[in-house]
Amino acid sequence: MYRAPRGTQDILPQEQPYWRYVEEKAAEICCLYGYERIDLPMFEDAGLFTRGVGEGTDIIEKEMYVFEDRGGNSLALRPEGTASVCRAYLEHGMHNRPQPVKLYYIGPAFRYERPQAGRYRQHGHFGCEAIGDADPALDAEVIDMAWQFFVGLGLGLFTIVLNSIGCKKCRPEYLSLLKEHYSPHVDEVCADCKVRFQKNPLRLLDCKSPQCQPIADAAPKSIDHLCADCAEHYSDVKRYLSSLEIPFTDNPRLVRGFDYYTRTVFEVQPAGGGSQSALGGGGRYDVLIEELGGKPAPGIGFATGMERIILGLQKETVPVPSTPGPQLFIAYLGEEAGEAAIKLATTLRRNSTAVIMSTGSRSLKAQLRQANNLSVPRVVIIGEDEVKTGTVVLRDMTTSQQESIPVGKLLELLQ
RNA sequence: GUGGGUGUAGCCUAGUGGUUAAGGCGCCAGGUUGUGGCCCUGGAGAUCGAGGGUUCAAAUCCCUCCACUCACCCCA
């Protein structure tokens, strides 16, 4: 027997209302903030991600689905959306449009990881990007949008954590301070941190290993060593957020797993904590476009995990609207009636009534049982008598009332 | 990649060495010449995750593998 590959899942009909709900809320909020939808390829030139996200990151190093196609091109299933949006921005000359260009996307992303609760190898992303503007008001707007999105969904239990990790100008200086702080402790630090110390010192702050906590806590904070521009930018972002009454927590140890982030980084975390269960995250990327070969343009965005949102909705038992089902079931008895039933079903469908047509030659009892199990509110019954008289029986399944009416009258009644 | 837990029908579960693997939900059918839900009766549906070993005898004990799951790393 074939099974869905590890870390993938079927989204069955009973789960669909959640997906539809979240997607609709996403589209709604994007419209409110002036974002337009873009759909991107699910695979791209692998280089786009290695260059964009960064060679040394876990996502590129050990989680990316890379493959060679028959033409010998190295492609990768997209592990995230931002790099693709930037690629599209460049490819379609969007720098000629009014800036910032605001785009959002909904679709799957792929990471080769061991699956667990809320983590899948194929998972749904909803993300948005605003490219071409460095105004801190835009940072605040994106965070506000993320906040409103989660509030609008009906999720109550989450917090926003915020940090600034500086820019090309001030970060190198900060990193050397950080390494200076760590260098006397390299022997006491966990194995991962020994590697981080060499390869990606910023990530030292991210460590959850107990033995590293005191050292990370005592480490110099990036926000204390920002250049004047970055410091002003960060304080402006926070000022805007406060005036918008968006609650947030400063977390000087928040760093994110992509190399392209500059200045503002933030995460939406469920109240229960759990470091692996971020509902969403994002930040500013002021050099990414340039690194991808474009004329320099700053950008900021955020992305959320659809499955994690849906798990949250289910955990908090947030009601979601159910998807509409068929309004009518057509049951029939005998061949002649069967033909009349098929004609009727077709007529009704052409008049936009959703109809389930019975099949086979089963007893009326069986057909009604099926209608009942499918929760169809009304049933049309056609037998020999009805064929002769040009009528149908219309049965209301909730009241158990039924009446015999001329076929022509049925259409009117169903309006 | 590392560690823990779990694998018996579509789903949930009983069975811990001894006939044909049991029950509930669901599904199908009958109980009504053309009437659903409740009830009654019946039916279909399981190579007991896979392979090997121990034994007269294995769903049950042992080994290996696989899958699922939770957690770590990291991220959505």
Side-chain angles (χ1 to χ4, degrees), chain A residues 1-9 12 14 22 53 56-64 78-82 106-127 146 190-193 195-196 200 203 206-210 212 254-258 267-270 274-282 301-312 329 331-334 337 358 360 362-387 392-402 404:
Chain A
M1 269 265 272
Y2 289 110
R3 326 191 59 177
R6 164 172 277 199
T8 68
Q9 54 181 341
L12 299 172
Q14 60 264 33
V22 178
V53 178
T57 60
D58 282 10
I59 287 182
I60 300 308
E61 212 166 57
K62 51 182 207 189
E63 293 176 7
M64 196 156 71
R78 62 179 186 211
E80 58 110 35
T82 304
I106 297 173
F110 306 85
R111 293 181 199 169
Y112 187 87
E113 311 177 86
R114 289 283 289 269
Q116 70 186 66
R119 172 197 283 168
Y120 307 95
R121 289 186 172 181
Q122 176 181 333
H123 61 277
H125 264 192
F126 154 51
C190 73
D192 286 336
C193 278
V195 179
R196 292 185 182 118
N200 198 342
R203 297 284 289 288
D206 204 21
C207 186
K208 280 123 203 158
S209 166
C212 302
L254 176 70
V255 296
R256 304 200 14 96
F258 306 103
E267 242 171 51
V268 182
Q269 296 177 352
S275 50
Q276 92 292 347
S277 53
L279 289 167
F302 87 100
T304 63
M306 298 288 288
E307 289 83 355
R308 288 185 184 178
I309 291 169
I310 288 166
L311 283 172
F329 184 95
Y332 63 88
L333 290 152
S358 185
R362 301 146 72 212
S363 68
L364 182 58
K365 177 184 175 133
Q367 296 182 69
L368 284 172
R369 184 166 55 226
Q370 185 185 0
N372 186 58
N373 290 350
L374 293 171
S375 305
V376 180
R378 290 195 276 194
V379 176
V380 160
I381 302 164
I382 306 175
E384 283 170 39
D385 298 350
E386 284 73 23
V387 173
V392 298
V393 170
L394 179 62
R395 178 174 179 84
D396 186 313
M397 296 296 276
T398 49
T399 61
S400 298
Q401 301 293 305
Q402 66 182 41
S404 179

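Residue numbering restarts at 1 for every chain, and letters A, B, ... go by the order of the sequence lines.
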Task: A:Tyr112 six-ring centre to A:Arg121 NZ/CZ under 6.0 Å and within 45° of normal - done: yes

Task: Residue whose closest nucleotide on RNA chain B lies nearer the 5' end, A:Asp206 versus A:Glu384 - done: A:Glu384

Open item on the list: Can you work out whether A:Asn373 or A:Arg395 has the more 5'-proximal nearest nucleotide on RNA chain B?
Closed with: A:Asn373

Open item on the list: Could you tell me how far apart A:Arg114 (CZ) and B:C68 (P) are, to the nearest whole angstrom?
Closed with: 10 Å

Open item on the list: In whole Å, I'd like the distance from the CZ atom of A:Arg119 to the P atom of B:U69.
Closed with: 13 Å

Open item on the list: Check for me: is A:His123 stacked on B:A76 by the 5.5 Å centroid and 30° plane-angle rule?
Closed with: yes

Task: side-chain contact (heavy atoms from CB on, under 4.5 Å) between A:Glu113 and A:Arg119, worked out - done: CA-CA 8 Å; A:Glu113 311 177 86; A:Arg119 172 197 283 168; 3.6 Å; yes

For [N], the Watson-Crick or wobble partner whose two distances fall under 3.5 Å:
{"N": "B:A22", "result": "B:U13"}
{"N": "B:U2", "result": "B:A71"}
{"N": "B:G7", "result": "B:C66"}
{"N": "B:A44", "result": "none"}

Check whether the side chain of [X] and the base of [N] form a donor-acceptor pair under 3.5 Å.
{"X": "A:Lys365", "N": "B:G37", "result": "no"}
{"X": "A:Gln367", "N": "B:U35", "result": "no"}
{"X": "A:Glu63", "N": "B:G1", "result": "no"}
{"X": "A:Arg369", "N": "B:U35", "result": "no"}

TODO: Look at the side chain of A:Arg308 and the backbone N and O of A:Gly118, then say whether any donor-acceptor pair between them is shorter than 3.5 Å.
DONE: yes

Task: Under 4.0 angstrom between A:Arg6 side-chain N/O and B:C68 OP1 or OP2 - done: yes

Open item on the list: Tell me whether the side-chain N/O atoms of A:Gln116 come closer than 4.0 Å to OP1 or OP2 in B:C72.
Closed with: yes

TODO: Answer with base, sugar-phosphate or nothing: what part of the nucleic acid does A:Arg256 contact at a heavy-atom distance below 4.0 Å?
DONE: sugar-phosphate

Open item on the list: Run the side-chain contact (heavy atoms from CB on, under 4.5 Å) test on A:Val392 and A:Ile381 for me, step by step, so that the C-alpha distance in whole Å, both residues' side-chain angles and the decisive distance to 0.1 Å come before the verdict.
Closed with: CA-CA 6 Å; A:Val392 298; A:Ile381 302 164; over 6 Å; no

